[in-house]
Amino acid sequence: MPLAFSSLRPRYGARTAIRNSLMALILSATAATAEPVTILALGDSLTAGYGLPEGQGFVPQLQAWLTARGTDAAIVNAGVSGDTTAGGRARLDWSLTPEVDAMLVNLGGNDLLRGIDPKASRENLEAILSEARVRGLPVLLVGLEAPGNYGPDFKQAFDGMYRDLAQTHDADLVTSFFAPLTAQIDDPSARARLMQPDGIHPSAEGVALIVQEIGPRVEALAERARQGS
């Protein structure tokens, strides 16, 4: 005798419950084994954390900020004090390990201090961003602003190269690493708190302000990497 439809419902419901449970277990296991987005921070002493206690530099503070917000991203500190854009370009290939999913590029400060022709700096940054694009890595480009004492032509060429390169290579852009401090460092007391005695590198407190400004852009970079764009 054929079974009535009502007699099949418990079995069907049991199968559905089992299937849903299995799917939940699979999703849970996938989430547990998913690796964080790895972001290479390619830079100079500003990235490396020059002059600051361990854990107080840009990368450690940025990592702590991201972790506190639940952002699953790991920042690799590829900052080398004294590096120019040429130095960053020279070590790019071995810095870009297979684990890297995205890049934060923070170079140009030492080019500026040495008065290197912005055309050369631009060429080096162009090569770095081109390689990132070939590898399908999203980039956050962090710029700097030249002081006026180099002359208007130098300033225009230096400041403008970051904007132009970001647009050409579809990179996100932070116009100036020091932007969060600019409005305050004219005050001598604020400058003493936010900058190290050399007047070039931010203090731990200054870095904290910079991280608050750049952090959301790094979160967006991590999301771009997750989306594969």
Side-chain angles (χ1 to χ4, degrees), residues 39 41-69 75 77-88 104-118 120-122 124-125 140-163 165-166 171-221:
I39 300 174
L42 185 71
D44 48 35
S45 57
L46 297 177
T47 300
Y50 174 86
L52 295 173
E54 185 177 355
Q56 293 301 307
F58 174 70
V59 170
Q61 288 207 46
L62 176 60
Q63 184 67 71
W65 187 92
L66 293 169
T67 301
R69 289 171 60 88
I75 312 298
N77 192 344
V80 174
S81 294
D83 230 356
T84 60
T85 55
L104 183 155
V105 179
N106 183 20
L107 288 164
N110 288 303
D111 299 52
L112 187 57
L113 290 173
R114 299 179 189 185
I116 293 174
D117 188 340
S121 303
R122 184 187 186 110
N124 292 323
L125 290 173
L140 173 61
L141 180 62
V142 181
L144 293 165
E145 294 181 346
N149 59 300
Y150 284 101
D153 292 341
F154 185 103
K155 180 173 176 57
Q156 182 178 7
F158 187 89
D159 295 357
M161 71 179 177
Y162 293 103
R163 180 188 63 250
L165 289 171
D172 194 10
L173 175 67
V174 172
T175 304
S176 174
F177 182 79
F178 287 103
L181 312 185
T182 302
Q184 302 184 52
I185 57 178
D186 287 338
D187 177 4
S189 62
R191 186 178 184 85
R193 287 188 297 102
L194 301 177
M195 299 294 292
Q196 295 183 42
D198 62 10
I200 298 173
H201 300 92
S203 66
E205 183 178 347
V207 169
L209 292 177
I210 292 168
V211 165
Q212 288 178 21
E213 183 77 14
I214 293 180
R217 310 292 287 277
V218 177
E219 285 186 312
L221 177 67

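Starting from 1, each residue takes its place in the sequence as its number.
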Open item on the list: So, using ring-ring contact (aromatic ring centres under 6.0 Å, His included) as the criterion, who are the partners of F178 when residues are at least two apart?
Closed with: none
Would you give the length of the straight line joining atom [atom1] of [X] to atom [atom2] of [Y], rounded to the nearest 0.5 angstrom?
| X | Y | atom1 | atom2 | answer |
| --- | --- | --- | --- | --- |
| L66 | I75 | CG | CD1 | 5.0 Å |
| L107 | L42 | CG | CG | 5.0 Å |
| L113 | D44 | CG | CG | 9.0 Å |
| E213 | I210 | CD | CD1 | 9.5 Å |
| L140 | I39 | CG | CD1 | 8.5 Å |

Open item on the list: Show the nearest heavy-atom pair for residues F177 and I214, with the distance to one decimal.
Closed with: CD1-CD1, 4.0 Å
State which residues pass salt bridge (Lys or Arg N to Asp or Glu O under 4.0 Å) with [X]; sequence neighbours excluded, sorted by chain then number.
| X | answer |
| --- | --- |
| D117 | none |
| E145 | none |
| R69 | E219 |
| D83 | R91 |

Return a table of donor-acceptor pairs under 3.5 angstrom between the side chains of residues 189-203 and protein atoms on other chains or two or more places apart.
{"from": "S189", "atom 1": "OG", "to": "D187", "atom 2": "OD1", "distance (Å)": "3.1"}
{"from": "S189", "atom 1": "OG", "to": "D187", "atom 2": "OD2", "distance (Å)": "3.1"}
{"from": "R193", "atom 1": "NH1", "to": "E205", "atom 2": "OE2", "distance (Å)": "2.4"}
{"from": "Q196", "atom 1": "NE2", "to": "Y50", "atom 2": "O", "distance (Å)": "2.8"}
{"from": "Q196", "atom 1": "NE2", "to": "P202", "atom 2": "O", "distance (Å)": "3.0"}
{"from": "D198", "atom 1": "OD1", "to": "I200", "atom 2": "N", "distance (Å)": "2.9"}
{"from": "D198", "atom 1": "OD1", "to": "H201", "atom 2": "N", "distance (Å)": "3.1"}
{"from": "D198", "atom 1": "OD2", "to": "H201", "atom 2": "ND1", "distance (Å)": "2.6"}
{"from": "H201", "atom 1": "NE2", "to": "S45", "atom 2": "OG", "distance (Å)": "2.7"}
{"from": "S203", "atom 1": "OG", "to": "R193", "atom 2": "O", "distance (Å)": "2.5"}
{"from": "S203", "atom 1": "OG", "to": "L194", "atom 2": "O", "distance (Å)": "3.2"}
{"from": "S203", "atom 1": "OG", "to": "E205", "atom 2": "N", "distance (Å)": "3.4"}
{"from": "S203", "atom 1": "OG", "to": "G206", "atom 2": "N", "distance (Å)": "3.2"}

Open item on the list: Give me each pair satisfying salt bridge (Lys or Arg N to Asp or Glu O under 4.0 Å) with a member in residues 46-56, each pair once, sequence neighbours excluded.
Closed with: none
Applying side chain to side chain contact (heavy atoms under 4.5 Å, CB included), can you list everything that pairs with [X], at least two apart in sequence or on another chain?
| X | result |
| --- | --- |
| R163 | L173 |
| P147 | L112, N149, Y150 |
| A48 | S81 |
| A64 | none |

Could you tell me whether the side chain of [X] and the main chain of [Y] form a donor-acceptor pair under 3.5 Å?
| X | Y | result |
| --- | --- | --- |
| D111 | S121 | no |
| N106 | A41 | no |
| K155 | G148 | no |

Open item on the list: What I'd like to find out is whether the side chain of T175 reaches to under 4.5 Å of the side chain of Y162, using heavy atoms alone.
Closed with: no
- [ ] Would you mind reporting whether L144 and F158 have side-chain heavy atoms less than 4.5 Å apart?
- [x] yes
Task: Criterion side chain to side chain contact (heavy atoms under 4.5 Å, CB included) on L221 and D172, from CA distance to verdict - done: CA-CA 8 Å; L221 177 67; D172 194 10; over 6 Å; no
Task: With sequence neighbours excluded, residues passing side chain to side chain donor-acceptor pair (under 3.5 Å) with Q61 - done: none
